[in-house]
Amino acid sequence: LDLGELTVEEVMVHRTKMRTIDAELPLDAIVAEVLASPHTRLPVWRERPDNIVGILHAKDLFRAIAGDRPRASIDLDMVVTPPWFVPGTTSLRDQLSVFLARKQHFALVVDEYGDLMGLVTLEDILEEIVGDIADEHDVTARGVRPQPDGSLLVDGSVPIRDLNRMMDWHIPDEEATTIAGLVIHEAQAIPEAGQAFTFHGFRFEVLRKARNRVAALRVSRLED
């Protein structure tokens, strides 16, 4: 296993894919957000989405509202736990060891400047070892929509590793983390909508561009 060669940044959930909660929402709205989420832990932010102030566990929230105490008196700050930040350059082997030592399996990932990059869980690392771990609440293939012709409509922010796992493909991920990043790397430019590229045995057609970001693509595997 190459857990010492892979970093947290390579397997994390990117911040644009994170499900988070605004701490200023009414408690009923927060409960609705938690019930609608397939995850039991959700980052809580205040003032701006990248300012994470705590982690809300669904069990802690429901325990707080289960008694006779009026909901209006419940302080969310007393329910959330402090966020744990780890550098994106941490190796998966080291992060796995720290997860086990701290008996935690959820951490927020930051870059060298302390800016939020995403989140990583113990499950993300275990899936590098044993493959996908699915349960009845998992959201399947988020950002990937299979088409009748065999192609896929893919959000640009979908990680290459996730797409490879879903489809049992082997698109290289050494030079880029996301599908959009790979296309930009290979094209050596930010492509326009309508442009198409063929490399690594696949065809990548840019469907939508948002400012300087490749937002959506059609990915087709070429015949051998």
Side-chain angles (χ1 to χ4, degrees), residues 1-21 34 37-45 49-61 79-144 154-182 185:
L1 298 176
D2 295 326
L3 294 185
E5 304 297 325
L6 296 173
T7 64
V8 165
E9 181 180 357
E10 295 178 87
V11 304
M12 69 179 185
V13 177
H14 193 268
R15 65 177 182 274
T16 59
K17 293 288 186 179
M18 288 170 47
R19 298 189 68 152
T20 59
I21 291 179
V34 172
S37 172
H39 311 296
T40 56
R41 293 172 177 82
L42 292 168
V44 176
W45 58 273
D50 61 348
N51 181 39
I52 305 299
V53 297
I55 306 300
L56 178 63
H57 195 296
K59 184 181 292 185
D60 294 333
L61 175 64
V79 179
V80 300
T81 57
W84 174 26
F85 298 97
V86 300
T89 54
T90 306
S91 74
L92 293 194
R93 179 185 292 122
D94 290 344
Q95 187 60 44
L96 177 60
S97 297
V98 178
F99 271 145
L100 297 176
R102 292 183 56 142
K103 298 181 180 179
Q104 296 186 32
H105 50 89
F106 185 102
L108 296 163
V109 184
V110 294
D111 63 15
E112 59 184 311
Y113 304 106
D115 293 331
L116 181 67
M117 300 173 68
L119 65 85
V120 65
T121 67
L122 177 61
E123 182 176 315
D124 293 327
I125 299 178
L126 294 179
E127 286 184 339
E128 288 297 319
I129 303 173
V130 302
D132 281 341
I133 304 172
D135 63 37
E136 66 272 22
H137 296 296
D138 274 352
V139 178
T140 305
R142 185 187 300 275
V144 180
V154 181
D155 292 349
S157 58
V158 169
I160 299 169
R161 302 179 73 82
D162 287 357
L163 189 62
N164 281 340
R165 287 198 198 100
M166 294 171 193
M167 303 302 298
D168 194 24
W169 288 350
H170 301 284
I171 300 174
D173 60 357
E174 292 82 8
E175 302 296 339
T177 301
T178 66
I179 295 297
L182 178 65
H185 171 75

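Expressed to the nearest 0.5 Å, how far OG1 of Thr121 lies from CZ of Phe106 amounts to 8.0 Å. Between atom CD1 of residue Ile55 and atom OG1 of residue Thr40 there is a gap of 11.0 Å, rounded to the nearest 0.5 Å. How far CD1 of Ile21 is from CG of Leu61: 7.5 Å, rounded to the nearest 0.5 Å. Note that the CD1 atom of Ile160 and the CD atom of Glu10 stand 10.0 Å from one another [nearest 0.5 Å]. A distance of 11.0 Å separates CG of Asp155 from CG of Leu163, quoted to the nearest 0.5 Å.
Within the 4.5 Å cutoff, the side chain of Ile125 has heavy atoms near those of the Gln95 side chain. Residues Ser157 and Lys17 have side chains in contact (heavy-atom distance under 4.5 Å, counting atoms from C-beta outward). Residues Thr90 and Val109 fail the side-chain proximity criterion, which asks for heavy atoms closer than 4.5 Å. Using a 4.5 Å heavy-atom cutoff, the side chains of Arg19 and Ser37 are in contact. Using a 4.5 Å cut-off on side-chain heavy atoms (C-beta onward), Leu108 and Met18 make contact. Between Arg15 and Pro49 the shortest side-chain heavy-atom distance does not fall below 4.5 Å. Proximity of Val80 to Val53: side-chain heavy atoms (C-beta onward) are nowhere separated by under 4.5 Å. Between Leu92 and Thr7 the shortest side-chain heavy-atom distance does not fall below 4.5 Å.
In plain terms, the two heavy atoms of Phe85 and Val110 that are nearest each other are CD2-CG1, 3.6 Å. A pairwise comparison of heavy atoms in Val158 and Gly143 identifies CG2-O, 3.6 Å as the closest pair. Counting all heavy atoms, side chain and backbone alike, Gly181 lies closest to Ala176 at C-CB, 3.4 Å.
Take Arg161 and apply the salt bridge (charged side-chain N to carboxylate O under 4.0 Å, His left out) test, not counting sequence neighbours, and it matches Glu128, Asp173. Residues satisfying the side chain to side chain donor-acceptor pair (under 3.5 Å) test with Thr20, not counting sequence neighbours, are Trp45. Glu9 pairs by the side chain to side chain donor-acceptor pair (under 3.5 Å) definition with nothing, not counting sequence neighbours. With sequence neighbours excluded, the residues forming a ring pair (Phe, Tyr, Trp, His ring centres under 6.0 Å) with Phe99 are Trp84, listed by chain and number. Every residue two or more places apart in sequence or in another chain was checked for a salt bridge (charged side-chain N to carboxylate O under 4.0 Å, His left out) with Asp111, and none qualifies.
In terms of modelled atom types and a separation under 3.5 Å, the side chain of Asp124 and the main chain of Met12 share no donor-acceptor contact.
Note on residues 49-61: pairs passing side-chain hydrogen bond (donor to acceptor under 3.5 Å, both in side chains), not counting sequence neighbours, are Arg48-Asp50, Asp60-Arg63.
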Audit row: Val120, Val13, side chain to side chain contact (heavy atoms under 4.5 Å, CB included) steps and yes/no: CA-CA 6 Å; Val120 65; Val13 177; over 6 Å; no
